[in-house]
Every structure is written in C-alpha cells, then in structure tokens.
**Student:** 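Starting off with a structure, shown below.
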Amino acid sequence: MMQFDTIVRGGNVVTPIGTSKTDIGIVGEKIAAIAPDLAATPNTKVIDASGHHVIPGVLDVHVHLELPFCGTVSADDYRSGTRAGARGGVTTLIDFAIPYAGDSLSDAADNWMKKAEGKAMIDYTFHICITRWNEHKDQIKGMVDRGFTTFKEFMIYESEGWQSDDRALFGTLEKMKEYGTMLLVHAESARVLDELIARHHTPELMKQYGAQLHAMTRPNFIEAEAIQRVVMWSEVTGGQLYIVHMSTGEGADIIRAAQKRGVPVLAETCAQYLVLDDSVFAEENGHLYACCPQVKKPKDIERLWEGLKTGEVSVISTDTCTFDREQKAMWQGDWTKIPMGMPGLETLLPVTYTHGVLKNRISLEEMVSKLSTNPAKIMGLYPKKGAIEVGSDADLAIIHPTAIQRVDPAQMETNADWSPYHGWDLAGFSRTTLSRGDVIVDDYCVVGREGRGQWLPRTTAGWQ
Ligand code: URP
Ligand code: ZN
Ligand code: ZN
C-alpha cells in the first residue's frame with residue numbers, strides 16, 4: 001500500500017481529464033495518486049477539502065518585484081510579494097530580470113537571483129530583458145544554456161534605457177526561431193505616444209484633467225499599431241511571440257487574425273483589464289490606477305473576456321508592480337511622473353474567479369487553463385507546474401466556491417497601502433495553498449517559510 005505524506009480529501013478536483021470529487025495523495029513534493037478514498041496511515045496529514053474546489057496552484061507569469069522604475073523602487077519585494085501570491089493561491093511567479101547600466105544578461109539574472117534568495121516562499125524564474133540589442137544579442141544563447149527560455153523587449157520606456165527598436169525586435173525573433181525560445185513584448189507605439197504626451201503636457205490641461213490625461217494620451221491605436229507591427233516581425237521570422245498585458249479589443253482582433261494565418265503569436269491579458277475601465281482616472285485618487293498600458297473602455301473589457309473564451313487570449317496574469325500612496329504621490333499633478341503599476345498577485349485568483357466563473361463568463365476549467373495550465377505550458381514549466389496529475393509538483397489552491405472576503409489593504413500581505421479592488425467582495429481567496437507538498441497557507445493565513453521557494457530552470461517555451 002502506498003504511504004502518503006498528505007492526502008487532500010474529498011475536494012472538487014480540476015484535472016486535465018475532468019473535474020470530479022476525489023482525493024489527492026502526496027508523497028514528498030509530488031502528486032502520487034488521484035483517486036477516491038485513498039487510505040491514510042498514522043503519519044499521513046489529511047486536509048479536508050470537502051465542499052471546496054481544488055485547482056492547480058496559479059502561475060503569475062508577469063510580475064515585477066523590487067523593480068527600480070519611474071524614479072523609485074516597486075514596493076513589493078520577494079518577501080511580501082510571494083506571501084501575497086501564496087494568499088492568492090499563486091505557487092509560481094515569473095519576474096523580469098532587467099540589465100542596468102553596463103550589465104550583461106547574465107548580470108541581470110544574477111541580480112534577480114539575489115533579490116529572491118532567502119525571501120521567496122513560492123517558486124520563481126525570470127524572463128530575461130534585452131535592453132541594448134548590440135550588446136546583448138550575442139549573450140542570448142548563453143542564457144538559454146543557463147535555463148532561461150523566455151526573453152522580453154519593451155517598445156516604450158526610452159527614458160528608462162529599456163526601449164527596443166524594430167531592428168532589435170526583428171533580430172531577437174530570428175534568434176527565438178533558431179533556439180526554440182520565446183520573445184515577450186510590451187507593445188505600445190513609442191513615437192506617436194511621445195507626440196500625444198507632448199501635445200497634452202501643458203499646465204492648463206494638467207490642471208483640468210489630472211490623471212485622466214494618462215488615458216487621453218493613450219488611445220487604443222497606440223497598443224494596436226505596436227501589436228500589428230511586431231506580429232509582422234513574428235510572421236516573417238517565424239519567431240515565437242507573446243504579447244504581454246494586452247488591454248484592447250483591437251489587440252485581440254489582431255491576435256485572432258494572426259493566429260488564423262498561422263503566425264506563432266500568443267497573448268496575455270491582466271486581471272485589471274478584465275474588471276476596471278478608464279473612468280477610474282476621474283476619481284479623487286485616480287492617479288493610483290496608472291499603469292502602462294492603462295485600463296481601457298467597457299467594450300475592451302467585453303472583448304477580452306470573449307478572447308479568453310474563444311482562445312486568442314491564452315493567459316491571465318497581473319503585471320504586479322506595486323507602488324504605495326507615498327510613491328504614487330510623486331506625480332504632484334503631472335501624470336507623466338506617476339510611478340506606473342499596481343499591486344495584483346494577491347487578488348488575481350479571487351478577481352478572476354468572482355468576475356469570471358461566478359458571473360458565468362468562463363467555466364472553472366477555463367479559469368484553470370488561463371491561470372495555471374496555459375501559463376505553465378507556454379512558459380516551459382508543464383507538467384511540473386500547472387496540472388493536478390500524478391508526477392506533477394503538489395502545488396494546489398483550495399478555494400471555497402462562494403465564501404466572500406471584502407478586500408481591505410490593511411489585512412493584506414502586499415506592501416501596498418491601497419488596492420484597486422478596495423471594498424470589493426471577492427470569493428476565491430485560497431483557504432489552503434500547497435507548494436511542493438508544503439502547506440504555505442492554512443485557513444487563509446500565510447504559514448509557509450520565507451526562502452523555501454526555488455528557482456525553476458527551463459528548456460522550452462512557446463506553444464509546444
Ligand atoms: O505600468 C506598468 N505596467 N509597470 C510595470 C512595467 C511594465 O510595463 O510592465
Ligand atoms: Zn509592460
Ligand atoms: Zn510588466
């Protein structure tokens with residue numbers, strides 16, 4: 001008889017072959033059996049999951065922790081960020097290692113390793129950011145050999161020293177094709193955006209419109225043109241492309257058409273683009289919501305939910321880049337000076353579950369695809385991560401189908417002292433989170449050990 005260290009008993013378990021009431025037996029860090037009525041021995045820890053959904057731990061594949069950005073450093077580090085993730089059922093995150101000054105790609109990875117070591121409670125890896133094509137292009141293969149299979153380029157952020165031009169995008173996609181790796185792209189059209197910002201950057205308009213200028217200077221075509229252009233580079237090179245934080249209906253239309261033509265392009269959206277629209281910028285503290293790209297219009301929200309259903313949107317992530325109120329106050333009325341980004345790790349699963357599954361926009365299984373299975377497959381981590389399957393890591397989130405918690409930043413693990421969802425009633429916070437067999441959240445409280453999280457080497461990426 002198999003001896004289990006842990007049995008998760010009687011939950012509604014979402015597996016790749018269907019959802020059913022069953023038990024999960026765990027030995028060490030792995031799932032060892034999935035069957036009803038597994039036998040416990042005296043040393044087996046039994047976790048009662050009856051009346052709950054049991055889903056694979058969530059992968060948030062778009063996270064920035066302790067990021068130097070916009071003249072400050074994002075407020076969630078690997079300690080608070082991974083605690084927040086654990087509470088939200090996230091068991092794997094992928095951050096972005098960005099080279100600074102004269103850094104090589106390898107230096108960037110080393111820097112991000114140091115940020116995570118001793119602090120991370122959940123498993124992690126990094127997308128490697130290519131910010132200076134001429135210097136970095138010959139370092140890409142070395143990073144693949146080091147276990148990094150996803151790279152990132154930004155089409156904006158010239159002032160940060162991060163911006164890539166078409167030459168870099170084209171050349172990187174050629175290399176992605178050659179190495180079987182994937183390029184993630186932040187797609188916004190830099191030159192036209194600069195022009196629109198310059199036209200609006202007057203004391204009169206800033207006094208009149210405040211944070212609303214963030215949305216006024218980023219019409220949907222800013223994202224759509226950039227997506228269209230980089231999709232073209234993917235089409236002609238055959239390099240695997242992944243559009244991060246897609247926020248527009250136009251973007252979804254372009255991705256759908258490109259995928260139909262056989263272009264190797266995938267798209268992610270983020271929870272905020274599915275539930276918030278740009279009316280938030282007219283609120284008293286509207287500047288808090290500023291991120292790039294910004295949340296858009298109700299019609300974009302509907303189109304992105306449709307894209308999740310029909311398939312052109314494969315992943316929901318967060319783009320967590322937390323700034324607290326004091327940091328956000330640096331704007332002093334000038335929207336171009338707002339530290340751009342929002343907290344999100346802790347609320348990804350609750351927001352998606354409450355506004356997706358409970359509102360019948362997507363099924364429980366579709367939610368698991370977008371939060372766990374697809375990100376694991378696309379980022380080269382499946383079936384170790386993203387599945388409740390024999391042999392997979394025992395990464396699980398156990399959620400009550402209807403029990404609600406009111407979002408209150410004072411009760412949260414994130415270092416943010418505000419939340420885009422403050423006062424919202426959300427179901428889907430993790431009652432119990434397991435990471436490689438360890439209980440890291442128990443009865444909605446984080447109990448895991450900081451520093452137990454492991455770096456995840458990879459050999460593949462893209463839609464295999
Ligand atoms: O506003 C954002 N999104 N901040 C993080 C950097 C990025 O563009 O992802
Ligand atoms: Zn971005
Ligand atoms: Zn980002």
Side-chain angles (χ1 to χ4, degrees), residues 59-77 81 85 93-100 108 112 124-131 150-164 169 183-190 193 197 211 213-215 217-218 222-223 226-227 230 241-248 251 267-274 276 278 280-281 286-296 315-324 327-328 330-331 335-345 348 375 379 414 416 418 420:
L59 288 86
D60 187 350
V61 300
H62 191 146
V63 174
H64 305 275
L65 297 177
E66 212 184 327
L67 174 70
F69 185 46
C70 297
T72 180
V73 178
S74 68
D76 275 315
D77 66 1
L93 69 80
I94 311 188
D95 196 338
F96 295 79
I98 307 183
Y100 285 91
W112 256 260
Y124 56 88
T125 185
F126 318 116
H127 311 291
I128 304 297
C129 297
I130 296 163
T131 51
T150 51
F151 296 84
K152 164 81 180 286
E153 287 178 357
F154 300 89
M155 293 172 80
I156 63 163
Y157 300 138
E158 187 175 29
S159 59
E160 299 282 347
W162 297 353
Q163 189 174 309
S164 286
L169 292 161
L183 177 63
L184 286 71
V185 170
H186 174 137
E188 288 189 290
S189 200
L193 176 57
I197 289 173
L213 284 162
H214 184 46
T217 51
R218 280 179 142 87
I222 291 291
E223 180 176 88
I227 292 179
V230 71
L241 173 65
Y242 176 99
I243 303 297
V244 298
H245 53 42
M246 191 169 70
S247 63
T248 57
E268 140 200 296
T269 191
C270 302
Q272 59 269 28
Y273 304 119
L274 295 168
L276 297 174
D278 64 7
V280 294
F281 296 115
H287 68 289
L288 293 176
Y289 297 83
C291 61
C292 301
Q294 86 283 14
V295 295
K296 298 291 195 303
V315 171
I316 310 173
S317 67
T318 62
D319 195 10
T320 292
C321 190
T322 304
F323 296 105
D324 63 20
Q327 292 175 302
K328 289 276 185 181
M330 288 164 61
W331 82 305
W335 89 98
T336 66
K337 296 194 168 62
I338 308 174
M340 295 290 175
M342 296 203 269
L345 271 157
L348 171 61
M379 300 300 166
T414 170
W418 69 284

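In this text, all values refer to a predicted model and were calculated from it rather than measured experimentally. Numbering of ligands and ligand atoms starts at 1, following listing order.
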**Student:** Tell me if a side-chain donor or acceptor on S74 pairs with a main-chain N or O of T322 at a distance below 3.5 Å.
**Tutor:** no

**Student:** Quick one: does ligand 1 sit under 4.0 Å from the side chain of C291, the backbone, both or neither, non-hydrogen atoms only?
**Tutor:** both

**Student:** Between L67 and ligand 1, is there a nitrogen or oxygen pair with a distance under 3.5 Å?
**Tutor:** no

**Student:** At the 4.0 Å heavy-atom cut-off, does F96 count as touching ligand 1?
**Tutor:** no

**Student:** Please check whether W162 reaches ligand 1 - meaning an N/O of the residue sits under 3.5 Å from an N/O of the ligand, judged on distance alone.
**Tutor:** no

**Student:** Can you name the N, O or S atom of D319 that is closest to the Zn ion (ligand 3)?
**Tutor:** OD1

**Student:** What's the separation between atom CG in D60 and atom CD in E268, rounded to the nearest 0.5 Å?
**Tutor:** 8.0 Å

**Student:** Is the shortest distance from a heavy atom of M342 to ligand 1 less than 4.0 Å?
**Tutor:** no

**Student:** Provide the atom name of the closest N, O or S atom of H186 relative to the Zn ion (ligand 2).
**Tutor:** ND1

**Student:** For N/O/S atoms only: which one belongs to H245 and is nearest the Zn ion (ligand 2)?
**Tutor:** NE2

**Student:** As an exercise, state the distance from CG of D324 to OG1 of T414, rounded to the nearest 0.5 Å.
**Tutor:** 9.0 Å

**Student:** Return yes if some donor-acceptor pair links the side-chain N/O of E223 with the main-chain N/O of P293 below 3.5 Å, else return no.
**Tutor:** no

**Student:** Looking only at side-chain N and O atoms, does K296 offer a donor or acceptor that is under 3.5 Å from a partner on S247?
**Tutor:** yes

**Student:** Among all protein heavy atoms, pick the one closest to atom 7 (C) of ligand 1 and tell me residue, atom and distance.
**Tutor:** Y157 OH, 3.4 Å

**Student:** In a check of side-chain contact (heavy atoms from CB on, under 4.5 Å) between H186 and each of K152, Q163, H62, which one passes?
**Tutor:** K152

**Student:** Within the 4.5 Å heavy-atom criterion, are W335 and T217 side-chain neighbours or not?
**Tutor:** yes

**Student:** Taking N, O or S atoms only and a limit of 2.8 Å, check whether C292 reaches the Zn ion (ligand 2).
**Tutor:** no

**Student:** In the protein, which heavy atom is nearest to atom 1 (O) of ligand 1, and how far is it?
**Tutor:** C292 N, 2.8 Å

**Student:** With side-chain contact (heavy atoms from CB on, under 4.5 Å) as the test, would you mind laying out the steps for M340 and H214 before giving the verdict?
**Tutor:** CA-CA 10 Å; M340 295 290 175; H214 184 46; 3.6 Å; yes

**Student:** Does the pair C129 and W162 meet the rule for a side-chain contact (heavy atoms from CB on, under 4.5 Å), with working shown?
**Tutor:** CA-CA 8 Å; C129 297; W162 297 353; over 6 Å; no

**Student:** Among D95, D319, T320, find the one that has a side-chain hydrogen bond (donor to acceptor under 3.5 Å, both in side chains) with H64.
**Tutor:** D319

**Student:** Among all protein heavy atoms, pick the one closest to atom 2 (C) of ligand 1 and tell me residue, atom and distance.
**Tutor:** M340 O, 3.5 Å

**Student:** Does any N or O atom in K152 lie less than 3.5 angstrom from one in ligand 1, N or O only?
**Tutor:** no

**Student:** Please could you name the atoms of ligand 1 that H245 approaches to less than 4.0 Å, counting only its heavy atoms?
**Tutor:** 8 (O), 9 (O)

**Student:** Only heavy atoms of H186, strictly under 4.0 Å: list the atoms of ligand 1 that pass.
**Tutor:** 8 (O)

**Student:** What residue and atom, counting heavy atoms only, is the protein's closest point to atom 3 (N) of ligand 1, and at what distance?
**Tutor:** D319 OD2, 2.6 Å

**Student:** Using only atom types and a distance under 3.5 Å, with no angle test, would you say the side chain of E66 pairs donor to acceptor with the backbone of V73?
**Tutor:** no

**Student:** Relative to the Zn ion (ligand 3), which of the N, O or S atoms in H62 is the closest?
**Tutor:** NE2

**Student:** Taking E160 for the side chain and C70 for the main chain, is one N or O donor matched with an acceptor at less than 3.5 Å?
**Tutor:** yes

**Student:** Looking only at heavy atoms, is any part of H62 under 4.0 Å from ligand 1, and if so is it the side chain, the backbone, or both, or is it neither?
**Tutor:** side chain

**Student:** Using a distance threshold of 2.8 Å, state whether an N, O or S atom of H64 lies below it from the Zn ion (ligand 3).
**Tutor:** yes

